[in-house]
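Structure, as structure tokens:
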Number of protein chains: 2
Amino acid sequence: MRILVIEDEVRLCEALVQILKKHNYTVDSDTDGESGLDDALSGIYDVVVLDIMLPKIDGITILKKIRSEGIDVPVILLTAKDSIHDKVTGLDSGADDYLTKPFNTEELLARIRALGRRRGEIIEPDALSFGDISLDTQTMRLTGRGGDISLTLKECELLEYLIIHKDVIASKEQIIEKLWGFDSDAEANHVEVYVSFLRKKLRHVHSDIKINAVRGVGYKLRKGGE
Amino acid sequence: MRILVIEDEVRLCEALVQILKKHNYTVDSDTDGESGLDDALSGIYDVVVLDIMLPKIDGITILKKIRSEGIDVPVILLTAKDSIHDKVTGLDSGADDYLTKPFNTEELLARIRALGRRRGEIIEPDALSFGDISLDTQTMRLTGRGGDISLTLKECELLEYLIIHKDVIASKEQIIEKLWGFDSDAEANHVEVYVSFLRKKLRHVHSDIKINAVRGVGYKLRKGGE
DNA sequence: CACTTAACTTAAAATAACCTTAAAAGCATG
DNA sequence: CATGCTTTTAAGGTTATTTTAAGTTAAGTG
């Protein structure tokens, strides 16, 4: 997952890069329209985050050029103000989404994920992380502070689900639906078994992450110091 | 935090209401444009979730009417397809955000929270609270002025019921019906036992909330200075 | 004030949820 | 078709929660 950020405000640009990298995306950036356009035309990116107001070449022009070259990478426009005009022009020119400054991290990340879903592709970061562990869903490897280990498909899916839903308690029903499908006859014990497998592997990589069972409700990840 | 959902697909509508309620929002809903508009014009909502395709009056018309009445409640549009046209029309008409079906819970919740932040207000779920306590029904944790503690399922349901019905005296029969179901053979003593459990936990978090027994009638919460 | 009844509290029993492990079954690969 | 790996099944053990039950306290009533 490669993201290109084109934004001339240096501080904002760096902040964006840092945030995205933190979430395990691969990120490049430009601070002017000219080099931004060059990079965008390379066609190697999965998402472009594009400011409208840019030195040398403005965002809308870049967007039009990209599209006229037949590159249909998802583009998220950054509009300086709450200017409907920019939005409309941007969407007309082939943008997939816009974001009004100031915006926050969560929102940007949500939109990037949403873009992936909308196109039916999966624009996901290659690795998820939580506390002292990191999960590479591509290679299905779990890395902790004391080594790494490979997971089976179901283990990986379960941990992925728990990390993505780290803020809520994931019920067994939800987990079953996700891992075995909506009308499977999988039982609660399936989940319990995999939770048990995962806990063992978490210990194996010396992570201090715990899978907390909330009786009658579901499971929730917990970091060491909580 | 009051949310209005206007959506004609009954199943989707109910699902939305349930999900939002589960996250401690107060939710009303309509399944056609006419009653939807009526409710929206009341101006009491903090967010409106509005489907575009609706019987009687379509979403865009509703949106325009709302705005022409000077109500600037945040509106999230639900667009049936990936139709840029709908988005642009919607944004022109004064929508704050849109969501393309199908979408998932997380995304909707994120957008609702994001809307609040963007406007600088705090559109947060009412973490069910009363006096000096606050109850998170998601994690089943009770927080008081001197720490927090986890509740069991029944304890949580009981306290939730008491808080929601804080203005009236909750009878044991009502409580039994809510916690154990309509035709259970649960007895009055069950309620008494759980009231006792709760009182102990309220003391544990140093709350000054009291569960008042009204002889022959039921229970009612009371704040410290009452 | 004595009596009755409702409510309170607590401990112990029963139940249901969850955990773990081992073994069987399924599946792909060489 | 044998091997190794993943997934499912199943059983027994552990613990948290719910229910039962019994003794105690408090409130209302004549």
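If you're wondering where the values come from, they're calculated on a predicted model, not measured in any experiment.
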| message | Please confirm whether the shortest side-chain N or O distance from A:His190 to OP1 or OP2 of D:dT9 is below 4.0 Å. | response | yes
Rounded to whole Å, CD1 of B:Ile175 lies from P of C:dA7 at a distance of 11 Å
To the nearest angstrom, the CG-P distance between B:Leu202 and C:dT9 comes to 12 Å
To the nearest angstrom, the CZ-P distance between B:Arg199 and C:dA7 comes to 11 Å
Testing D:dT9, D:dT19, C:dA17 for proximity to the side chain of A:Val193, the answer is D:dT9
Partner of B:Leu135 under side chain to side chain contact (heavy atoms under 4.5 Å, CB included), picked from B:Leu159, B:Asn24, B:Asp148, B:Thr143, is B:Leu159
Between the CD atom in B:Glu14 and the CD atom in B:Glu7, the distance rounded to the nearest 0.5 Å is 11.5 Å
C:dA7 phosphate, OP1 or OP2, under 4.0 Å from B:Tyr194 side-chain N/O: no
>> For a quick test of reading the model: is some side-chain N or O of B:Trp180 closer than 4.0 Å to OP1 or OP2 of D:dT19?
In response: yes
Notebook entry, point to check: Does B:Met1 CE have over 12 foreign heavy atoms under 6.0 Å away?
Noted result: yes
Rounded to whole Å, CD of A:Glu187 lies from P of D:dT8 at a distance of 11 Å
To the nearest angstrom, the NZ-P distance between A:Lys201 and D:dC5 comes to 11 Å
note: B:Lys154, atom NZ; D:dT20, atom C1'; distance rounded to Å ~ 15 Å
Can you check whether B:Lys166's main-chain N or O pairs, donor with acceptor, with B:Lys220's side chain at less than 3.5 Å? yes
Between CG of A:Asn212 and P of D:dA16 the distance, given in whole Å, is 12 Å
Out of C:dT9, C:dT20, D:dT7, minimum distance to the side chain of A:Leu153 belongs to D:dT7
Here the distance between atom P of D:dT17 and atom NZ of B:Lys200, to the nearest Å, is 14 Å
Practice prompt. Check whether the side chain of B:Arg215 and the base of C:dA7 form a donor-acceptor pair under 3.5 Å.
Written response: no
The nucleotide from D:dT8, C:dA7, D:dT19 with an atom nearest the side chain of B:Lys172 is C:dA7
Among the nucleotides C:dT20, C:dC8, D:dT6, whichever has the atom closest to the side chain of A:Thr152 is D:dT6
For B:Lys201 and B:Glu155, the nearest pair of non-hydrogen atoms, with its separation, is NZ-OE1, 2.9 Å
| With distance as the sole criterion, do the side chain of B:Asn189 and the base of C:dA7 form a donor-acceptor contact below 3.5 Å? | no
On DNA chain D, more 5' by nearest nucleotide between B:Phe197 and B:Glu192 is B:Phe197
